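Note that the structure is predicted; figures quoted are calculated from it, not measured. Hydrogens, waters and symmetry mates play no part in the numbers below; they use all other heavy atoms, side chains included. Letters go in sequence order (proteins before strands), and every chain restarts at 1.
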There are 2 protein chains.
Amino acid sequence: MTAVGTQYSSNRRDQLIEAAAACFDRDGFDGASIRRIAAEVGMQTASIYYHFEGKDDLLVAVHERGLRSIIEATSRAIEGIEPGWDRVQAACTAHLHTLLGEEPIFKAIMAPLPSTLGVREQIVEMREAYEQIFRDLIDELDLPDGTDRRHLRLILLGAMNWSFTWFRGDRSDIEAFAGSVVTDLRAPLDTGR
Amino acid sequence: MTAVGTQYSSNRRDQLIEAAAACFDRDGFDGASIRRIAAEVGMQTASIYYHFEGKDDLLVAVHERGLRSIIEATSRAIEGIEPGWDRVQAACTAHLHTLLGEEPIFKAIMAPLPSTLGVREQIVEMREAYEQIFRDLIDELDLPDGTDRRHLRLILLGAMNWSFTWFRGDRSDIEAFAGSVVTDLRAPLDTGR
DNA sequence: GTCTATATGCTGATAGAC
DNA sequence: GTCTATCAGCATATAGAC
């Protein structure tokens, strides 16, 4: 065990989170099995319960790690950029690079959740902490009177998050889509038009 | 059994499709169980296998019925409207009313599919037949040079289809969101601005 | 067409040894 | 911390009577 501030972590626990994220992404939360997650790190099923209370807890842990990481990445991407559409652009590009990149954990933390999930509310709350970044960015924009800023945020995030259902491509395709997302929304709403 | 053209149907079969759609919507495909679907129409589990080959086949049947219905609804909504953004607007409003309305089958046919699903490709193909309507609508638009029409379609459908993850509201909220979707995308690309 | 009964397998989770 | 062994439950699917 290594202490990092008040956060404790171990290699084994981290490995389990990573394996769980890959399984949740590939098979969905319901489709993933504790047995297989354990097998992927060379453990027995029962050993998982030393590190986590159960499958739900594992999903929460995946979100804790993934969201902390994407919040850092997106925050860093908008650092030093003036408020306005350029800043939104930077955030969207970072969001899509993270979401559509190689690490499956980010697809897992954006995927729609089973409505029957016990820890659903808790996870929705965690996701909202990330979406606050976009809330702030859109609040900073100079928009035409009557523009619904909440809708604008939901359109932006919806267009991006839905992309995991159809996207098959490389880095340059990600950049191109990020460009389209902001261009298609920016021009009609840009007060400097 | 009643013959309708080459399509055969029975009340029981239809009831099963309806019950399956509700379960798939509420519990997800993996979370839904054949047992419960049967119970909801007052049948025994085994009796389902007289009407359908298995769970996958049931999902395909749900899509056949739901997609046929939403294709009709959206086609009817754009009838008689001149090509252009007004037509896109009409299609989006119809799409959102159907998707976010009372009948769960339409949420079931737009939900992301487990990537491990055997009949996945078949269903994706069926969905594309519906999305062809939007492909055509966007092809008809007069847009600035360099606009990526495929991206525009994916942004539009993504923004709308993601709404099932957050939308809680009534008819007037649906109208309002449909308005935002088109307004936010329309102005900048509208050559008549 | 629908039933009862059942085969077979996988699930999350626990008990307790080491 | 990790193991072996196991529990209890639910899953899809099938066989065969009526």
Subject >> Short side-chain N/O contact to dG1(D) OP1/OP2 from Arg12(A), under 4.0 Å >> reply: no
**OP:** Go along nucleotides 12-18 of chain C 5' to 3' and tag each nucleotide: B for a protein heavy atom under 4.0 Å from its base, S when only backbone or sugar atoms are that close, - otherwise.
**Re:** BBBB---
Subject >> Distance in angstrom units between Phe52(B) CZ and dG1(C) P, rounded >> reply: 13 Å
Original post:
CD of Glu53(A): more than 12 outside heavy atoms within 6.0 angstrom?
Top reply: no
Original post:
Rounded to the Å, how far apart are Ile48(B) CD1 and dA11(D) C1'?
Top reply: 13 Å
Original post:
Say you draw a straight line from OH of Tyr130(B) to NE2 of His63(B); how long is it, rounded to the nearest 0.5 Å?
Top reply: 13.0 Å
Original post:
Could you state the CZ-P distance from Arg13(B) to dT2(C), rounded to the nearest angstrom?
Top reply: 13 Å
Subject >> Euclidean distance, atom OH of residue Tyr50(A) to atom C1' of dT2(D) [Å, nearest integer] >> reply: 10 Å
Subject >> Contacts of Arg36(B) that satisfy salt bridge (Lys or Arg N to Asp or Glu O under 4.0 Å) - sequence neighbours left out >> reply: Glu40(B)
Original post:
Out of curiosity, Leu67(A) CG to Ile109(A) CD1, how far, rounded to the nearest 0.5 Å?
Top reply: 4.0 Å
**OP:** Ignoring hydrogens and angles, state whether a donor on the side chain of Asn11(A) or Gln15(A) is under 3.5 Å from an acceptor on the partner side chain.
**Re:** no
**OP:** Report whether Leu100(A) and Ile71(A) are members of the same hydrophobic cluster (ILVMFWY, side-chain heavy atoms less than 4.5 Å apart, transitive linking).
**Re:** yes
Original post:
Where along residues 36-43 of chain A does a heavy atom fall under 4.0 Å from DNA chain D?
Top reply: Gly42(A), Met43(A)
**OP:** Over 60° means perpendicular and under 30° means parallel, so classify the ring planes of Trp166(A) and His151(B), tilted if in between.
**Re:** tilted
**OP:** Determine, for Asp86(A) against Arg186(A), whether the closest basic-nitrogen to carboxylate-oxygen distance falls under 4.0 angstrom.
**Re:** yes
